[in-house]
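For reference, the structure is listed below as structure tokens.
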Number of protein chains: 2
Amino acid sequence: MHKMNNKNKTFIDKLRSSGLRPTNQRVEISKFLFNRKKTFHFTVEELKNSMNLKRSKKISTATFYNTVHALKSAGHLKEFSLENNTSYYDTNITSHHHFFDNGKVIDIKSDKITFQKLPEAPKGKKIKNVEVVIRLENNN
Amino acid sequence: MHKMNNKNKTFIDKLRSSGLRPTNQRVEISKFLFNRKKTFHFTVEELKNSMNLKRSKKISTATFYNTVHALKSAGHLKEFSLENNTSYYDTNITSHHHFFDNGKVIDIKSDKITFQKLPEAPKGKKIKNVEVVIRLENNN
DNA sequence: ACATACTTTAGAATAATTATAAAGTAGTTA
DNA sequence: TAACTACTTTATAATTATTCTAAAGTATGT
Ligand SMILES: [Mn+2]
Ligand SMILES: [Mn+2]
Ligand SMILES: [Zn+2]
Ligand SMILES: [Zn+2]
């Protein structure tokens, strides 16, 4: 019944390792998120709208939120925040940096930024990660 | 009628330069925000609750939001975001860095972090600012 | 096929924020 | 000071993003 080709393997495994059975809805969401070359930065609303636009039978809001949350909890998505009280998610789960350009988000690979000087963590604490945001504006 | 001592001057000026008449409510908010030694990081709800706790006549939610927004638009407050879809504000409006420690935010002066390597801005763009977040966790 | 557990969904509930509009206050003028 | 006007405050409604609930649907094991 379940024809699972190699192309599907990766994103179905992400569902499985998030404790989610690979239902049709979840497989389509996971495929949409992970079956692409470049990092994807998105809000749940954006994800829902772009996926549901092309479907006759819509996937419900709750399923989008539930699936994204489970993938995030399992470490397959990273959450971040711009300055508009909406959660964004990032398919690039490694520690990395970003350009923020008027709501557009672009990845900067970790090795593109190195530090000359960094403060120490306060006593009792240690550094979990260091992430940089470079805000852009138009020339002139 | 209006006894304006020197201590009040600064935060009343911030109101004036935000296009706000220094009414009683606004003066108290501005004083609460700016009449302190250390940087203050807050949400509007936190501000409202801590100020209204000690008052018999409460200041309304709308006045808190309106005043904070006007101060922010005039550049007297900076907005930022943690990962919980709530706006935070920062009385330190200079470009600077932060430790994030379990919802607690601590300023890092700009000169405490220097870069060895930084990427160039994409064509047509230039860098507005570079801000670093150092996420902390407990030692072992 | 049946039982059970998991899933999807519509719609209600919540939290943060913004909008609305009526009542209050202040600055200016007569 | 009275009146006029513009600005302000406030309670309340509306909106947006998100989470919760509970009923109906689907899959899995026997
Ligand atoms: Mn907002
Ligand atoms: Mn929210
Ligand atoms: Zn990214
Ligand atoms: Zn700060």
Side-chain angles (χ1 to χ4, degrees), chain A residues 1-4 12 14-32 41-52 55-74 77 79-90 103, chain B residues 1-4 12 14-32 41-52 55-74 77 79-90 103:
Chain A
M1 186 134 300
H2 245 297
K3 183 179 4 171
M4 190 192 302
I12 289 182
K14 287 189 209 276
L15 290 174
R16 288 226 156 85
S17 66
S18 306
L20 298 178
R21 280 190 198 162
T23 61
N24 287 331
Q25 290 92 329
R26 288 167 176 170
V27 168
E28 294 206 36
I29 292 170
S30 191
K31 181 161 138 194
F32 187 91
H41 300 102
F42 64 95
T43 68
V44 175
E45 278 296 307
E46 288 167 0
L47 173 66
K48 184 185 89 175
N49 292 336
S50 52
M51 285 194 65
N52 275 343
R55 325 181 93 246
S56 43
K57 182 150 193 334
K58 317 295 188 193
I59 298 173
S60 72
T61 303
T63 294
F64 282 104
Y65 274 101
N66 290 340
T67 305
V68 166
H69 277 152
L71 289 168
K72 190 225 160 180
S73 294
L77 290 173
E79 190 178 2
F80 67 100
S81 212
L82 303 184
E83 267 141 56
N84 62 352
N85 55 280
T86 308
S87 283
Y88 282 77
Y89 295 89
D90 192 333
Chain B
M1 187 132 298
H2 244 297
K3 184 179 3 169
M4 190 193 302
I12 290 182
K14 288 191 210 273
L15 290 175
R16 289 225 155 86
S17 65
S18 307
L20 299 178
R21 278 191 198 160
T23 61
N24 286 333
Q25 290 94 327
R26 289 166 175 170
V27 168
E28 295 206 36
I29 292 171
S30 191
K31 182 161 140 193
F32 187 90
H41 300 102
F42 64 95
T43 69
V44 175
E45 276 298 306
E46 288 167 1
L47 173 65
K48 184 185 90 174
N49 291 336
S50 52
M51 285 193 66
N52 275 345
R55 325 182 92 244
S56 42
K57 182 151 192 335
K58 316 295 187 194
I59 298 173
S60 72
T61 303
T63 295
F64 281 105
Y65 274 100
N66 291 340
T67 304
V68 166
H69 278 153
L71 289 168
K72 190 225 160 181
S73 294
L77 290 173
E79 191 179 0
F80 66 100
S81 212
L82 303 184
E83 268 143 54
N84 63 352
N85 54 282
T86 307
S87 283
Y88 282 76
Y89 294 89
D90 192 334

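Sequence lines set the chain letters: A, B, ... in the order given, protein chains first and strands last, and positions in each chain run from 1.
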Checklist entry - Nearest-Å distance, CZ (R55(A)) to P (dT8(C))? => result 11 Å
Item to check | Min side-chain heavy-atom separation L47(A)-Y89(A) under 4.5 Å | outcome: no
Next on the checklist: Between K58(A) (side chain only) and N52(A) (backbone N and O only), is there a donor and an acceptor less than 3.5 Å apart?
Outcome noted: yes
Check the interface with nucleotides 5-11 of chain D: list each N/O to N/O pair with the protein under 3.5 Å, or write none.
unit_1, atom_1, unit_2, atom_2, d
dC7(D), O4', R21(B), NH2, 3.4
dT8(D), OP1, R21(B), N, 3.2
dT8(D), OP1, R26(B), NH1, 2.6
dT9(D), OP1, T23(B), OG1, 2.3
dT9(D), OP1, Q25(B), OE1, 3.3
dT9(D), OP2, R26(B), NE, 3.1
dT9(D), OP2, R26(B), NH2, 3.3
dT9(D), O3', Q25(B), NE2, 2.9
dT10(D), OP1, K57(B), NZ, 3.2
dT10(D), OP1, K58(B), O, 3.4
dT10(D), OP2, S60(B), N, 3.0
dT10(D), OP2, S60(B), OG, 3.3
dT10(D), OP2, T63(B), OG1, 3.3

Next on the checklist: Can you tell me if Y65(A) touches the phosphate of dT18(D), counting only side-chain N or O atoms and a distance under 4.0 Å to OP1 or OP2?
Outcome noted: yes
Checklist outcome for this item: Whole-Å distance, K48(A) NZ to dT16(D) P, equals 12 Å
Item to check | Length of the CG-C1' vector between L47(A) and dA17(D), whole Å | outcome: 15 Å
Next on the checklist: Looking at R26(A) and R21(A), would you say the former's side chain and the latter's main chain have a donor-acceptor pair under 3.5 Å?
Outcome noted: yes
Item to check | Flag side-chain contact, heavy atom, 4.5 Å: I59(A) against T67(A) | outcome: no
Checklist entry - Atom CG of L15(A) to atom P of dC6(C): distance rounded to whole Å? => result 17 Å
Item to check | Atom-pair distance (OH on Y89(B); C1' on dA16(C)), nearest Å | outcome: 10 Å
Next on the checklist: Less than 4.0 angstrom from a charged side-chain N to a carboxylate O is my criterion; do K31(A) and E28(A) meet it?
Outcome noted: no
Checklist entry - Could you state the CG-C1' distance from N49(B) to dA15(C), rounded to the nearest angstrom? => result 13 Å
Next on the checklist: What is the distance, to the nearest angstrom, from the CD atom on E45(B) to the P atom on dA15(C)?
Outcome noted: 10 Å
Item to check | Atom-pair distance (CD on E79(B); C1' on dT17(C)), nearest Å | outcome: 11 Å
Item to check | Between CD on residue Q25(B) and CG on residue N66(B), distance to nearest 0.5 Å | outcome: 11.5 Å
Checklist entry - Quick check: does any side chain N or O of S30(B) sit under 3.5 Å from a backbone N or O of I12(B), one acting as donor and the other as acceptor? => result no
Checklist entry - Within the structure shown, what part of the strands sits under 4.0 Å from S87(A) by heavy-atom distance: base, sugar-phosphate, or nothing? => result sugar-phosphate
Checklist entry - Can you find a side chain N or O atom of H69(A) that sits less than 4.0 Å from OP1 or OP2 on dT18(D)? => result no
